[in-house]
Amino acid sequence: MGGEFEEFDVYIEDMEGNVIIDETFKSPSNGFIDLWLASDKTYRAKIKHEGKISELELSTLEGENTCITTMQLM
């Protein structure tokens, strides 16, 4: 990764298949991006960058982590 900012294609849908986010986000070179999702739901997330992809099912139910740091691009 080079440069001051990196671009990530982010796609998130709920479990019913409704698209919640489908856009490109800019991130500092540390690779972290901020996303705000409605609470009490479960989502499928896909992040792409330079041909690499990471996918994860995540939840915003009470008691779940609010910071996800385990999505690594492969």
*Option from Arg44, Lys41, Lys46 for which salt bridge (Lys or Arg N to Asp or Glu O under 4.0 Å) with Glu13 holds*: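 Result: among Arg44, Lys41, Lys46, Arg44 is the only option passing the salt bridge (Lys or Arg N to Asp or Glu O under 4.0 Å) with Glu13.
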[X] and [Y]: same hydrophobic cluster, using ILVMFWY side-chain contacts below 4.5 Å?
X: Ile53; Y: Ile12; answer: no
X: Phe8; Y: Tyr11; answer: no
X: Leu73; Y: Leu35; answer: yes

Between [X] and [Y], what is the shortest heavy-atom contact and its length?
X: Asp34; Y: Phe25; value: O-CE2, 4.1 Å
X: Tyr43; Y: Ile20; value: CE2-CG1, 3.8 Å
X: Met71; Y: Leu56; value: CG-CD2, 3.6 Å
X: Ala38; Y: Thr60; value: O-OG1, 2.6 Å
X: Thr42; Y: Leu61; value: OG1-CD1, 4.5 Å

Could you measure the distance from the [atom1] atom of [X] to the [atom2] atom of [Y]? Nearest 0.5 Å is fine.
X: Met15; Y: Glu57; atom1: CE; atom2: CD; result: 4.0 Å
X: Phe32; Y: Ile68; atom1: CZ; atom2: CD1; result: 11.5 Å
X: Lys52; Y: Met74; atom1: NZ; atom2: CE; result: 9.0 Å
X: Ser54; Y: Lys48; atom1: OG; atom2: NZ; result: 12.0 Å
X: Leu58; Y: Leu37; atom1: CG; atom2: CG; result: 6.5 Å

*Is Glu23 atom CD crowded by more than 12 heavy atoms from other residues, nucleotides or ligands, each under 6.0 Å away?*
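Yes, because the 6.0 Å sphere around CD of Glu23 holds more than 12 heavy atoms from other groups.
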